[in-house]
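First up is the structure itself, then whatever we jot down about it.
Below, each value reflects all heavy atoms present in this structure, side chains not excepted, and no hydrogens, waters or symmetry copies.
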Amino acid sequence: MTNFLISLLIFLPKTLLGFFIVHRIWPERCWQTLVIKLVSGFVLGAGISSALMLFALRAGIPPSTYARSEFGFTVFLLITMTILTYHSQPLQIKHLLNVLRQKTNISWPETALLVILLLAFILSSGTFIYYSFQHPHGFSDAWTIWNNLARYIFRSNDAGLIFDTARYFRIHYDYPAMYSMNIAGAWSVLQSDSTRTPIAFTFLGVFAIPVALWASVSYLKGNLQGAIVATIALMTPHFGLTVGQYSDVFLALNILLTGIFLYSYQIKSETRFLLLAGLMAGFAAWTKNEGLLFLAISGAVSDWLVIRNHRTKHFLAFIAGMSLPLLVVIFFKTNVFYRSDLASSPEKSLLHLLDISRYMQIAWAYLTYSWRFGDWPISPVLILSVYAILVRFSAEIKNGFAILSLLVLQQTGYFLIYLITPHDLDWHIYTSLTRLLLHTYPLALFWLFIALNSPYKGTSETCSSPSTSATPT
Amino acid sequence: MLTKEKRILLAIVLTVVSLLSGLYVFFVKPPLVLTRDSGAQNWEARMKPVKQALPTEVKTVGYVSDLDLIDNPTRENFFAEIDEFSLTAYSMIPRMVRQGLNYEWIIGNFNKPEFRKYLDKNLPSGYELHDMGFGIYLIHVNTP
């Protein structure tokens with residue numbers, strides 16, 4: 001347990017540094033925005049740190065030297081920034097502390113739902129830790145792709161190894177290295193390849209999702225609605241995948257945050273949200289290959305939003321956000337051996353596209369896997385549908401079209417990949433569809449609970465509008 | 001449209017149902033993948049003596065298994081092989097493990113007794129065979 005807790009702490013400095021960057025872009029202060037920024041800071045910190053490590057390795061700096069220097073420098077930077085900010089803008093720090101100390105009169109329904117939420121968090125996190133400790137090495141993709149690369153980087157301490165694919169074994173050499181670089185970096189700081197480190201990193205990714213949903217839905221629809229969606233997310237964490245120490249949960253987090261920022265842009269028309277959405281979507285591509293598809297889709301949706309707002313120049317903010325992460329992906333892909341396992345001849349792809357039975361088979365799989373998603377005794381789809389019929393959709397549903405487009409287009413992309421896959425279709429669906437549904441599940445929950453009526457607004461009104469923000473600009 | 005009180009009640013019912021459903025998945029009927037042994041920990045333990053026996057300067061080792069002895073491997077044979085090879089490769093990191101016999105040091109993973117005949121046929125005479133337990137062998141081919 002000690003190594004698990006120490007590993008959690010190792011990821012704290014880069015998370016806080018990421019938080020400072022996001023806070024600089026989006027200075028609004030209330031508990032919900034601070035929490036969203038903290039989660040975004042985790043994604044940004046992990047993304048930037050892994051990208052810098054990649055460039056350091058290319059420059060010939062040994063992984064352990066780089067990782068320990070980065071850790072020390074990040075801690076130093078955080079301390080310096082805190083001191084400087086306190087001296088130059090003491091009011092800002094005091095305001096930040098006041099937000100955290102702020103006491104509000106919480107109604108009894110909010111108290112009841114917060115107690116249930118707390119219970120859900122304890123149960124879910126305790127169960128995750130229990131099963132993760134039972135499977136300290138994760139499942140097969142961890143040994144062959146994710147922790148596998150981290151182990152080579154850490155144990156060899158050889159800067160050039162990752163770029164020389166003839167010297168190591170990895171099932172897909174071109175799979176993005178965000179996860180592996182973070183694990184290798186943390187092991188280098190710890191000076192031990194403890195199995196608790198990937199568990200701690202995955203823990204942060206898994207539970208960042210309900211936390212982000214809780215804060216964002218509370219911010220937009222009130223605390224009650226936020227507590228409901230977070231409880232559901234905590235109780236459908238899909239441990240079968242997350243305990244396996246795969247990168248999918250991090251992609252799901254990136255997709256959710258991109259959706260949250262695009263929605264924020266849609267209702268506020270502030271370019272800062274497009275910049276943040278671009279960053280999150282860009283780092284999605286640095287997390288998993290499916291993130292490249294998501295980057296293209298989120299780019300198209302952003303473009304549609306800015307055109308609809310007659311502010312086409314705003315699209316530059318999205319481009320600015322996604323550019324650097326995309327360059328990292330291109331740099332990585334051009335420096336390692338690349339061979340797509342989904343490529344097949346155009347003739348074969350065309351034959352597959354014309355085969356109606358494949359459409360039926362994939363559509364049926366989508367229906368059954370979605371119905372069973374979460375492994376509840378009664379399908380969450382049924383339970384949430386009944387709830388939606390009873391509470392009805394609110395007027396905000398019209399703003400949710402962009403979010404809905406993101407998740408529908410992403411799944412449509414996966415559907416098309418299944419159509420042309422050169423692999424046995426049954427096997428391909430069996431080994432991947434639950435993972436692919438997990439990618440957009442948090443965003444689907446976000447869309448649903450933004451679109452549905454909330455029981456009532458609760459006590460979060462002070463934070464629901466930018467005009468009420470105490471943000472100095 | 002439901003009243004505020006009814007919506008609050010419904011919200012509490014939904015979260016309690018979620019909580020109970022989660023409890024069911026966590027404790028009553030968890031996914032099979034969580035309750036069965038993946039074998040990774042045992043494999044790490046099996047590979048420990050191999051790692052200790054290998055000279056430190058050895059960077060690449062060969063790998064041979066029962067699959068090489070079968071003329072027509074089944075899908076099950078093939079999938080078992082994928083897991084065991086990848087676990088071996090994972091355990092041996094930072095050394096590289098490659099399938100084949102063209103190496104000075106080779107890891108053998110055998111359950112079938114006829115593996116000796118296979119090795120005698122395909123390796124130069126005088127090779128050393130070290131039994132590391134659990135069907136794992138470390139083979140040293142003496143090269144001139």
Side-chain angles (χ1 to χ4, degrees), chain A residues 109 112-113 116-117 119-120 123-124 126-127 130-131 134-140 142-144 147-148 151-152 154-158 161 166-169 171 224-225 227-228 231-232 234-241 243-244 374-378 380 383-384 387 390-392 453-456, chain B residues 1-45 51 59-61 63 75 79 82-99:
Chain A
L113 287 185
I116 294 172
L117 177 61
L119 206 60
L123 277 169
S124 192
T127 309
Y130 170 77
Y131 282 121
Q134 298 289 309
H135 301 279
H137 296 283
F139 301 137
S140 62
W143 325 319
T144 54
N147 291 339
N148 166 296
R151 213 179 233 202
Y152 274 111
F154 171 73
R155 287 190 179 174
S156 71
N157 198 31
D158 178 345
L161 184 91
R167 287 200 287 140
Y168 67 100
F169 166 78
I171 282 197
L224 280 179
Q225 195 83 328
I228 299 168
T231 304
I232 294 168
L234 281 166
M235 292 291 106
T236 45
H238 234 289
F239 287 146
L241 292 172
V243 164
D375 298 320
W376 284 7
I378 302 169
I383 292 172
L384 291 174
Y387 182 76
L390 292 171
V391 299
R392 295 187 189 173
N453 278 310
S454 56
Y456 71 94
Chain B
M1 189 70 180
L2 293 173
T3 60
K4 180 180 154 187
E5 287 72 25
K6 282 184 181 167
R7 276 184 299 184
I8 291 169
L9 185 67
L10 211 55
I12 291 173
V13 169
L14 177 64
T15 49
V16 170
V17 167
S18 304
L19 206 61
L20 294 174
S21 303
L23 282 173
Y24 175 85
V25 183
F26 296 165
F27 304 115
V28 181
K29 202 180 169 195
L32 191 62
V33 69
L34 293 177
T35 52
R36 72 177 174 207
D37 183 5
S38 67
Q41 262 182 297
N42 288 336
W43 209 264
E44 287 273 304
K51 284 194 277 187
K59 301 289 180 207
T60 308
V61 288
Y63 178 86
R75 204 179 160 96
F79 280 113
I82 287 179
D83 263 355
E84 292 183 357
F85 172 74
S86 54
L87 278 170
T88 305
Y90 182 64
S91 298
M92 297 305 292
I93 292 172
R95 291 184 177 95
M96 169 91 170
V97 180
R98 283 179 175 276
Q99 275 163 325

Q. Which region of B/Tyr24, side chain (C-beta onward) or backbone (N, CA, C, O), has a non-hydrogen atom less than 4.5 Å from a non-hydrogen atom of chain A, or is it both or neither?
A. side chain

Q | B/Ser86 and A/Thr144, any side-chain heavy atoms less than 4.5 Å apart | A | yes

(Q) Give me the atom names and distance for the closest heavy-atom approach of B/Lys51 to B/Ser91. (A) NZ-O, 3.2 Å

Q) Out of B/Leu14, B/Ile12, B/Val16, B/Val97, which one racks up the most heavy-atom pairs below 4.5 Å with chain A? A) B/Leu14

Q.
Quick check for you: among B/Leu2, B/Thr60, B/Leu10, which has the greatest number of heavy-atom pairs under 4.5 Å with chain A?
A. B/Leu10

Q.
Shorter than 4.5 Å, heavy atoms on both sides: which option in A/Leu117, A/Ile171, A/Asn453, A/Asp158 has the most such pairs with chain B?
A. A/Asn453

Q | chain B contacts, top residue of A/Ile383, A/Thr231, A/Thr127, A/Val243 (heavy-atom pairs, under 4.5 Å) | A | A/Thr127

Q | Most chain A-contacting option - heavy-atom pairs closer than 4.5 Å, from B/Glu5, B/Lys6, B/Arg7 | A | B/Arg7

Q. So which part of B/Arg95 gets closer than 4.5 Å to some heavy atom of chain A, the side chain, the backbone, both or neither?
A. backbone

Q. Can the ring centroids of B/Phe85 and A/Phe169 be said to lie less than 6.0 angstrom from one another?
A. yes

Q | Options A/Arg155, A/Arg392, A/Arg151, A/His238, ranked by heavy-atom pairs under 4.5 Å with chain B, top entry | A | A/Arg151

**Q.** Pairs of heavy atoms under 4.5 Å with chain A: top-ranked of B/Val17, B/Leu87, B/Val28, B/Val13
**A.** B/Leu87

Q: Measure the acute angle between the ring planes of A/Phe239 and A/Tyr131, then classify it against the limits of 30° and 60° as parallel, tilted or perpendicular.
A: tilted

Q) Is a donor on one side and an acceptor on the other found under 3.5 Å between the side chain of B/Lys29 and the backbone of A/Pro377? A) no

Q: Could you tell me which portion of B/Pro31 (side chain, backbone, both or neither) has an atom closer than 4.5 angstrom to a non-hydrogen atom of chain A?
A: side chain

Q) In terms of heavy-atom pairs under 4.5 Å with chain B, which of A/Leu123, A/Val391, A/Leu384 leads? A) A/Leu123

